[in-house]
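Submitted below is the structure of interest, expressed as C-alpha cells.
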Amino acid sequence: MSLVQQLVKKGILEKQKATSLEYEVKTSGKREEEVILEKRIVSEDFLFGMKSETLKIPLKVVSPQDVLLKVLETIPEESARYYQMIPLAKEDNRLEVGMVYPEDLKAREALEFLARQNKFSYRIFLITLSNFNELLRKYRTLRKEVTRALEELETELKKEEKIDKKKIKPTELERVVEEAPISKVVAVILRHAVDGNASDIHIEPGREKLRVRFRLDGVLHSSIFLPLRTLPAIVARIKILSNLKIDETRIPQDGRFSTKIGDRSIDFRVSTFPTTLGEKVAIRILDPGQRKADFKGMGIIGRNLKTIEGALKKPYGMILATGPTGSGKTTTLYAILGLFNKEEVNIMTLEDPVEYFIEGVNQSQVRPEIGYSFANGLRFTLRQDPDILMVGEIRDEETASLAIHAALTGHILLSTLHTSNTLGVIPRLIDMGIQPFLLPSTLSLAIAQRLVRKLCIHCKKKIKANKEVKKIILQEIENFPANVKKSIKLDKTLYIHEPVGCKRCNNAGYSGRIGVYEILEMTDQLSQLILTKPSEAQIQKEAERQGMLTMKQDGILKVLEGVTSLEEVLRVAEEK
C-alpha cells in the first residue's frame, strides 16, 4: 500500500486529494515522500515513522557529529548522493547504512555491489530526507576541506618561505592569495558558515593560532583553528573579494562582496580591524532569502500586531525602532518596507551600511567621510518625490529635525533610535532639540525589541515550574494589562518548557531566534502629556493605560506558550 493510501486509511487525507497527489507523483517524476512533504500534509517525522512501520526497517536519526570521516569514505559521495544512502557507523567489517528509499531496488543493488567490492556486511536503517541532507554535508566538513586546502597551501608557503607583509609587494601578495589553496580555504569557511545558518564569521589572530568562530543564534562558537602564518594571506584574499586595500593594515576598513553558494546569492559585509596580533576580520552574512519575515514569524502577535497594523494605515508619520545593536531593528523595518513595496509607491532608504538589497526599493549608502551623511542624504531624498523613507539611524539634532519635517509633509518615515525602551524615545527626541508640540502629529509608533533564542521544537521538555520560577511568572502576570490577563488560562500546576539538547540543535537546546517587543502608540492622552515635557515615569503610566506589554511581559507570554525559556527572557530583560 502506498504512503498516500495509508494516509487515506488513517483519515488524514481525503480520497479526492489523494487521487490528485497520486497523479502528481506519476506526472512530475518526484518521489511520493517529496510530494507529501511539499504539500505539508504531515510532518516528516510522522511520514517516515509510518514508512518505518510499513517496511519493518528501524528509523534512525543521526547527528553529523556522530559520523566519522573514515566511515563516510566507505561509500563514495557520488553514490551516496545518487542513491540517497549514507554510511552511519562501522564496527569491524559490519556497516550501518542509512537509506531514504530502502525499497528502491537499484539502490539496494548498488549497496550490494559496494559491499562485495569493499568486503563489508551491512545493516539498513531508514533515515529522513532532511537528516540525509545534513549527513551529506559531512562529506564536505569544514575541518576536512580546510585541512586539504592547507596542505596545498603549505607547499605554496614553503616556496614563498614566509609571507612577510613588510617585505612582500602588494602585487606579489595578491598573486599568492589568488592561488587555488588560499582561495579554497576562504571559500570553504564562507560556505560552511552559510550552510550552518551562521549570522557572522569572526577570523581572529591569537598568539599561536588563528581562530575562526561562527555566530549561531546570537552566540559565538569556535569552528576551527588555523596556523597563524596563514593570517596575512586569508585577510588579503578577503580584502581582494571586498575591493579593499590589501597593503593597508594600520587602519580599519569596510567593504562587501556577493557570491553564489549553492543556488543562493549571498551578500557578505566585511570589516577589518587592526589588533596587536594582526588584523581581525568580521564578516556579516546577509542572506536575502532569510529576510522574507512575516510579523507573526518574528514574534509580533496579539495587541502588538494590531497596533502596528493600525499605524501602517496612516498616510504619514514616523515609526521608530529602538534597541541595542543586534536586536533585530533592521529586520523589523525591512518587514514593514516589504508591506509597502508596491509598483505605485516610491520607497527610498538611507543606510549605513545597506544590509539587504530589496528589489523595487531605491537604497543608498551614506558616506560621512565625504559629507554624505544621514542629514544631507535626507535633504536630497526629499527632492526625489518619495512616498516612504527609511533612515538607518537618527543620531543627531539635524537628522531628527529633517525626519520630523519629512513626516509633517506627508511622508511615512521609518528609522532607528538608540534608547533602551519605548519610554525613552520621546525624552530622547526632545533632548535632541525637537519641539514637543511637533511630536503628536508626527510620531506614530515607538517599537522597542530584543531577540531571544527559541527552544528546539524537537527536544524541549515540559516541566512543572518550581516555586521560584512560578513566583516570577505570577508576579509579572499580576502586572499585565487587564485585557491580556483575562486571556491567560492558568492551571493550579504551572508548566513551562526547558532546553534539553538533541542532534537536531547540536545539543544547544535552542534553534533560531524570535523577538520580544513593546510598542507605544501615539494617542490623544499621550499628545497632551508630551506638551508638558514628560519624564519616563509619566510616559510609563500612559503606556499602562494604553495596555502596552513590556518586553519582559511579552517574553513571559512566549514562555507560557513554550516558545522560549524563562532564562532567555530574563537575560534580555536585564539588558534594559
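Side-chain atoms are counted along with the backbone in the values below, which use heavy atoms only and exclude waters and symmetry mates. This is a predicted model, so every value here is computed, not measured.
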message = Under a 3.5 Å distance rule, please check whether Glu568 uses its side chain to pair with a backbone N or O of Val452 as donor and acceptor.
response = no
ask   = With Pro102, which of Val97, Ile127, Leu126 fulfils side chain to side chain contact (heavy atoms under 4.5 Å, CB included)?
value = Leu126
note = By ring pair (Phe, Tyr, Trp, His ring centres under 6.0 Å), Phe268 pairs with (sequence neighbours left out) Phe257
query = Just by distance, with hydrogens left out, do Gln449 and Thr332 show a side-chain donor and acceptor under 3.5 Å apart?
reply = yes
Approximate separation, where rounding is to 0.5 Å, of Leu378 CG and Leu402 CG = 5.0 Å
key: cation_pi(Lys60, Phe125) dist<6.0 Å, angle<=45   = yes
message = Once rounded to the nearest 0.5 Å, what's the spacing between atom CZ of Arg571 and atom CD of Glu567?
response = 11.0 Å
note = Heavy-atom closest pair (Met298 atom, Tyr517 atom, distance to 0.1 Å) is O-OH, 3.0 Å
ask   = With no hydrogens and no angle check, is any side-chain donor or acceptor of Asn362 less than 3.5 Å from a backbone partner on Thr349?
value = no
inquiry  = Between Ser373 and Arg395, is there a side-chain heavy-atom distance shorter than 4.5 Å?
reply    = no
key: Residue among Val281, Ile189, Ile234 satisfying side chain to side chain contact (heavy atoms under 4.5 Å, CB included) with Val212   = Ile189
request  = Could you tell me whether the side chains of Asn421 and Glu518 share a donor-acceptor contact shorter than 3.5 Å?
outcome  = no
request  = Would you check if the side chain of Arg367 reaches a backbone N or O of Ile370 as a donor-acceptor pair within less than 3.5 Å?
outcome  = no
query = Do you know the tightest heavy-atom contact between Thr275 and Pro205?
reply = OG1-CG, 3.9 Å
message = What's the separation between atom CD1 in Ile514 and atom CG in Asp554, rounded to the nearest 0.5 Å?
response = 8.5 Å
ask   = Less than 4.5 Å apart, any side-chain heavy atom of Pro76 and any of Leu114?
value = yes
ask   = What pair of heavy atoms forms the shortest contact from Asn93 to Lys119, and how long is it?
value = CG-O, 3.8 Å
query = Does any N or O in the side chain of Glu44 come within less than 3.5 Å of the main-chain N or O of Leu37, such that one atom is a donor and the other an acceptor?
reply = no
task = Quick one: do Glu204 and Arg211 satisfy salt bridge (charged side-chain N to carboxylate O under 4.0 Å, His left out)? Show the steps, please.
result = CA-CA 5 Å; Glu204 305 161 319; Arg211 179 172 65 170; 3.0 Å; yes
query = Do the side chains of Val71 and Leu95 get nearer than 4.5 Å, heavy atoms only?
reply = yes
query = Given side chains that start at C-beta, do those of Phe214 and His221 come closer than 4.5 Å, heavy atoms only?
reply = no
task = Decide yes or no on salt bridge (charged side-chain N to carboxylate O under 4.0 Å, His left out) for Arg379 and Glu398, but give the supporting numbers first.
result = CA-CA 11 Å; Arg379 283 196 185 89; Glu398 190 180 10; 2.5 Å; yes
Heavy-atom side-chain proximity of Arg256 to Val354 below 4.5 angstrom = yes
inquiry  = Would you say that Leu129 contacts Tyr101 through its side chain, given a criterion of any heavy-atom pair below 4.5 Å between the two side chains?
reply    = yes
key: Student check: side-chain heavy atoms of Ile283 and Asp200 closer than 4.5 Å   = no
key: Heavy-atom closest contact (Leu333 atom, Thr416 atom, distance)   = CD1-CG2, 3.6 Å
key: Gln117, CD: over 12 other non-hydrogen atoms inside 6.0 angstrom   = yes
message = With heavy-atom distances below 4.5 Å as the criterion, would you say the side chains of His202 and Lys280 are in contact?
response = yes
key: Straight-line distance of Ile238 CD1 to Ile246 CD1, nearest 0.5 Å   = 13.0 Å
task = Please check if any side-chain donor atom of Ser565 sits under 3.5 Å from a side-chain acceptor atom of Tyr510, or the reverse.
result = yes
request  = Rounded to the nearest 0.5 Å, what's the gap from CG on Asp217 to NZ on Lys454? Could you check?
outcome  = 9.0 Å
key: Residues Glu248 and Gln253: side-chain donor-acceptor under 3.5 angstrom   = no
request  = Measure the CD1-CD1 distance between Ile336 and Ile447 for me, rounded to the nearest 0.5 Å.
outcome  = 4.5 Å
